[in-house]
Peer 1: 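Attaching a single structure in structure tokens format; questions to follow.
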Amino acid sequence: SHMVTAQLVSSVAIPIFLANPSLNPAAITVLIGILASFGSGTPPAMPYVAFAVSSGWSKPKSMFKVGIYLFIVVVILSVLLGYPLASSIL
């Protein structure tokens with residue numbers, strides 16, 4: 001499901017970013033792929049997360065809270081560090 005999300009968002013976003021010459025579409029596509037694959041904070045996202053929640057090791061609410069906080073940090077770092085780095089390489 002992560003691959004489908006990345007492919008769908010990329011196919012919609014690339015034409016939009018090609019219209020804006022100040023943005024690097026290749027770098028944005030890389031960031032979309034990275035961020036689409038970072039869904040491990042929610043129980044249905046990855047099998048090992050579902051196993052951890054269903055086994056009683058953690059509660060779904062606490063797993064979701066930690067996952068959301070971690071996702072926010074990853075998005076901020078990706079936008080602030082990942083895009084400039086990818087733009088300089090690609």
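All values reported here derive from a predicted model rather than from experimental measurement.
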Peer 1: Okay, side chain of S88, backbone of L85: is any donor-acceptor separation there less than 3.5 Å?
Peer 2: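 Confirmed, S88 side chain pairs with L85 backbone.
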Peer 1: If Ile, Leu, Val, Met, Phe, Trp and Tyr residues are connected whenever their side-chain heavy atoms lie under 4.5 Å apart, and connections chain through other members, are F17 and V12 in the same group?
Peer 2: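 No, it is not one cluster - the side chains of F17 and V12 are not joined through contacts under 4.5 Å.
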Peer 1: Answer with yes or no whether the hydrophobic clustering places I28 together with I16; edges join I, L, V, M, F, W, Y residues whose side-chain heavy atoms lie under 4.5 Å apart.
Peer 2: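 Looking at the clustering, I16 is in a separate group from I28.
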Peer 1: Shortest non-hydrogen contact from S87 to N24?
Peer 2: CA-ND2, 3.5 Å
Peer 1: Can you name the closest pair of heavy atoms from P15 and S10 and give their distance?
Peer 2: CD-O, 4.5 Å
Peer 1: So which of V9, I14, L8 actually passes side chain to side chain contact (heavy atoms under 4.5 Å, CB included) with I32?
Peer 2: V9
Peer 1: What side-chain hydrogen bond (donor to acceptor under 3.5 Å, both in side chains) pairs are there with at least one residue in residues 66-85, not counting sequence neighbours?
Peer 2: none
Peer 1: Heavy atoms, side chains only, cut-off 4.5 Å: are I68 and I72 in contact?
Peer 2: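 Answer yes - side chains close enough.
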